[in-house]
Amino acid sequence: MAVEEKVKDFTKESKKRARRRRRKSIRNLCIVLAVVLLLVLNWGLITSLDPLLFLENTFPMDNQFPVLITGTSVTSVDEFYDSVAVSTDVGFYAYTAAGRQFCEFKHTLSQPAMKADGGRALVYDRGGKKYYLYSKDSELLAGNTDYAIITGDVNREGTVALATAGQGYLGQVSVYNEQGEIRFKWNCAEHPVAMALSGDNGGLYVATLSTENGQVYTSLYLLRFDQKTEVAYKRAGEVPVAVKELSGGRVLLITDQSVTIVGTDGTEQQNYDYGTRKILGYSFSEGDDCLVMLGNQLATDKGTILWLDGQLNEVTSVAASQSVADIRLSGGRMYLLSSLSLDSYNSGGELIESKPLSAVGKQMAIIGGRIYLFSATHIVKL
């Protein structure tokens, strides 16, 4: 009888070990499949950018935040190699998701501004004539324009677009490749204010400001590098603020009085008018949605934040109860940064989370689902 019990115990233990091995094998298989899926979904990023940076940002090990920022003021924040790019009054820097600095370039620009896309970053002197194009480990381009720079843009192919003043024209737009060679030049009798390169690297959208008989006008030009013709859309009594390309080649135009979607033929498709309110801020998302913060002349730092979809339908709105320093839209949530907290809302306008802040943040960035706050001296990752 004792022998039979021992046999039963041995059999039971063998089955337990077999079940544990199966569970372990299934768990390992799931891990492998998850890693394979992650690699497949991000293969374009891995091959076109930097595998080491990709792995470090995907699996950050040692948190080195908060990070001390070199310089006295942050001028711009953007995404660079799926990492954090920062432009200050003295240089350009980039940090991984763990807070490791992997890029540093110093400059002497008077009013530095930055645009980044993928693995290329453009830093230019607003009101000056100097500009730089950076990758993660080299200065690809250092150039000087003939006239003062108004605004600029860059894409992941290294195409650089700069709008400047001009001689004989109010504005001039020059487009360069990564080697500094001219791809396209456009002169206009209006002031260029905002612009964006197209996603196919074959065109440019430029918003301009002009006056006629005492009336101001906003014009949006849809330019193609391989064509001499230009498609234009015009609005009276408005001042341009920002431009973004939407899906299907449509263009989102933000002015001081409305948001408009313009089709590829230059015709207006949708318009959202602010009414008597003034624009206090805006933010684009990864998709076609956008945020616009509206208020009145007396409340210049707080107001109502509108979430508009790709057809300019109002998804939701939130009235800010305190001063708002920055707004963002990411992952189906709307984020409001104030001096006291970072609040997130869902598409129904419900407060999902409110994180108290011990340090004042003046800007934020949401990169790879991670939230970064920027003060005058530090970067903090929440």
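Computed from a predicted model, the values in this text were never measured in an experiment. Nothing fancy with the numbering, it's 1 onward along the sequence.
For S135 and D137, the side-chain atoms include at least one donor-acceptor pair closer than 3.5 Å. Between the side chains of T260 and Q270, no donor-acceptor pair is found at a separation under 3.5 Å. Between the side chains of T159 and E178, not a single donor N or O lies within less than 3.5 Å of an accepting N or O. Under 3.5 Å, the side chains of S87 and T75 contain a donor-acceptor pair of N or O atoms.
Residues V259 and L252 have side chains in contact (heavy-atom distance under 4.5 Å, counting atoms from C-beta outward). Using a 4.5 Å heavy-atom threshold, the side chains of V239 and T255 count as separate. Contact annotation: the side chain of L109 approaches that of K130 to within less than 4.5 Å [non-hydrogen atoms, C-beta and beyond]. Between K185 and Q172, some side-chain heavy-atom pair lies under the 4.5 Å cut-off. Looking at V193 and I150, their side chains never come closer than 4.5 Å, going by heavy atoms from C-beta outward.
The pair K115-D117 does not meet the salt-bridge criterion, since no charged nitrogen lies less than 4.0 angstrom from a carboxylate oxygen. Ion pairing between D343 and K355 fails under the 4.0 Å rule for side-chain N and carboxylate O. At a threshold of 4.0 Å, the pair E157-R120 does not count as salt-bridged, since none of the basic side-chain nitrogens sits closer than that to a carboxylate oxygen. One finds a salt bridge joining R224 and D200 here, because a Lys/Arg side-chain nitrogen approaches an Asp/Glu carboxylate oxygen to under 4.0 Å. We find that K106 and E104 are joined by a salt bridge, their nearest charged nitrogen and carboxylate oxygen being less than 4.0 Å apart. Residues K234 and E268 are not paired through a salt bridge, judged by the lack of any N-O separation under 4.0 Å between the basic side chain and the carboxylate.
Annotation: Y124 is not in aromatic contact with Y131 [ring centroid separation under 6.0 Å not met]. The aromatic ring centroids of F65 and Y372 lie less than 6.0 Å from each other.
Across all their heavy atoms, T208 and P240 have their closest contact at O-CG, 3.6 Å. For N177 against L141, the heavy-atom pair with the smallest separation is O-CD2, 4.2 Å. When all heavy atoms are compared, the tightest approach of N271 to S258 is ND2-OG, 3.4 Å.
With hydrogens and angles disregarded, no donor-acceptor distance shorter than 3.5 Å links the side chain of T211 to the backbone of G214. Within the 3.5 Å criterion, the main-chain N or O of Y169 finds no donor-acceptor partner in the side chain of N187. Without hydrogens or angle criteria, D125 side chain to K129 main chain gives no donor-acceptor distance under 3.5 Å.
Taken to the nearest 0.5 Å, the CG atom of L122 stands 6.0 Å off from the CG atom of L162. Atoms CD and CD1, on Q311 and I261 in that order, are 5.5 Å from each other to the nearest 0.5 Å. Atom CD1 in I366 sits 5.0 Å away from atom CD1 in I371 (nearest 0.5 Å). Residue S317 holds its OG atom at 11.5 Å from CG of L291, rounded to the nearest 0.5 Å.
Using cut-offs of 30° and 60° on the angle between ring planes, the pair Y272 and Y274 is tilted.
L329 and L308 fall into different hydrophobic clusters, where Ile, Leu, Val, Met, Phe, Trp and Tyr are joined by side-chain heavy atoms under 4.5 Å apart, directly or via other members. Residues L140 and I182 share a single hydrophobic cluster, defined by chaining ILVMFWY side chains whose heavy atoms lie under 4.5 Å apart. Linking ILVMFWY side-chain heavy atoms closer than 4.5 Å, directly or via other members, places V251 and V206 in two distinct hydrophobic clusters.
Here ring-ring contact (aromatic ring centres under 6.0 Å, His included) pairs that include residues 189-224, with residues two or more places apart or in two chains, are W186-Y221. For residues 309-350, there are no ring-ring contact (aromatic ring centres under 6.0 Å, His included) pairs, not counting sequence neighbours.
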- Task: Please step through ring pair (Phe, Tyr, Trp, His ring centres under 6.0 Å) for the pair Y93 and F102, ending with a clear verdict.
- Result: CA-CA 8 Å; Y93 311 90; F102 67 91; over 10 Å; no
- Chi angles and distances behind the side chain to side chain contact (heavy atoms under 4.5 Å, CB included) call for L337, Q363: CA-CA 8 Å; L337 174 64; Q363 292 186 64; 5.7 Å; no
- Steps toward side chain to side chain contact (heavy atoms under 4.5 Å, CB included) verdict (K362, V74): CA-CA 9 Å; K362 66 176 189 176; V74 176; 4.2 Å; yes
- Task: Test Q322 against S341 for side chain to side chain contact (heavy atoms under 4.5 Å, CB included), laying out the working first.
- Result: CA-CA 10 Å; Q322 52 190 318; S341 64; 4.0 Å; yes
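Checked against salt bridge (Lys or Arg N to Asp or Glu O under 4.0 Å), R333 has the following partners two or more places apart in sequence or in another chain: E353.
With respect to M195, the side-chain contact (heavy atoms from CB on, under 4.5 Å) criterion is satisfied by exactly one of V243, L223, L204: L204.
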